[in-house]
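Written out below as structure tokens is the structure these notes cover.
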Amino acid sequence: MPPISAMCTVSDISNIVLIGFMGAGKSTVGHELAKTGVMDFVDLDELIVRRQGRTIPRIFAEDGEEVFRDYETETLSSLAKKRGLVVATGGGIIGRPQNWTLMRQMGPVVYLRAAWPTLRARISGCTNRPLAGPDRSEEQVVALLRRRQSLYEQADLTVDTDDKTLAEVVEEVWRGIKDRC
Ligand code: S3P
């Protein structure tokens, strides 16, 4: 039997867009999906940082969140016509309807879902995420997750990642995408 990723070719799926809250594992899973699918991996936040020449905390501090969201939409838009990409988005990409239009044009949108304890363990102590930094209380971050939950669930495919290995998550994503081909 061929590997699952080989059943669904890049030309069938164009791109894969990963969404999910901070700490959901979008970059880690994205790297592995790209490797197994012989696709190119793009981290949207990294692209924004490269284009801006500034870190995300600096962009938030100097320009504010709304302007960061503009950069995010512009950067996503710059990828919209590309093919063969696995794109890891930032956790707030789901906030703008325009981003959904762009993401859906690109390919299947996959929500990597994780329970709060899993997310908390992954983002605790992190200083690179202004919306989950040390100045934010746990209640504030959980409230943000709750507000976003129904938006994430608009994805084409939801994969639960709690208590799964990276290989299991990657396999489940491929399986879900293949079922949609
Ligand atoms: C954000 C998530 C971050 C980054 C920015 C805002 C959010 O990306 O885009 O700090 O609003 O959830 P990750 O989800 O990769 O941490």
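Order of listing sets the numbers, starting from 1, for every ligand and every atom in it. FYI, side chains are in, hydrogens and waters are out, and symmetry mates aren't considered; it's all heavy atoms of this structure.
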When distances are taken from atom 16 (O) of ligand 1, the protein heavy atom at minimum range is R129 NE, 2.6 Å
Review point. Between K35 and E32, is there a salt bridge with N-O shorter than 4.0 Å?
Key: yes
- Closer than 4.0 angstrom: is that true for some heavy atom of E65 and an atom of ligand 1? no
N/O of T89 under 3.5 Å from N/O of ligand 1, yes or no? no
Sorted by chain and residue number, the salt bridge (Lys or Arg N to Asp or Glu O under 4.0 Å) partners of K82 (sequence neighbours excluded) come out as none
A student checking ligand 1 against R148 at a 4.0 Å heavy-atom cut-off should list atoms 7 (C), 11 (O), 12 (O)
Under 4.0 Å from one or more heavy atoms of G90, ligand 1 contributes atoms 8 (O), 9 (O), 14 (O)
Assess whether a salt bridge exists between D156 and R104, defined as any Lys/Arg side-chain N lying under 4.0 Å from an Asp/Glu carboxylate O. yes
Under 4.0 Å from one or more heavy atoms of P130, ligand 1 contributes atoms 10 (O)
If we number the atoms of ligand 1 from 1 as shown, the ones under 4.0 Å from a heavy atom of R69 are 6 (C), 7 (C), 11 (O)
message = Looking only at side-chain N and O atoms, does R96 offer a donor or acceptor that is under 3.5 Å from a partner on Q98?
response = no
Should the pair R69-E72 be classified as a salt bridge under the 4.0 Å nitrogen-to-oxygen rule? yes
Aromatic plane relationship, Y152 with F21 - under 30° parallel, 30 to 60° tilted, over 60° perpendicular: perpendicular
Ligand 1 to D45, heavy atom cutoff 4.0 Å, flagged ligand atoms 3 (C), 4 (C), 8 (O), 9 (O), 13 (P), 15 (O)
**Item:** D45 side chain near F68 side chain, heavy-atom distance below 4.5 Å
**Value:** yes
For ligand 1 and G91, I'd like to know whether there is a polar contact (N/O to N/O, distance under 3.5 Å). yes
K26 heavy atoms within 4.0 Å reach ligand 1 at atoms 13 (P), 14 (O), 15 (O)
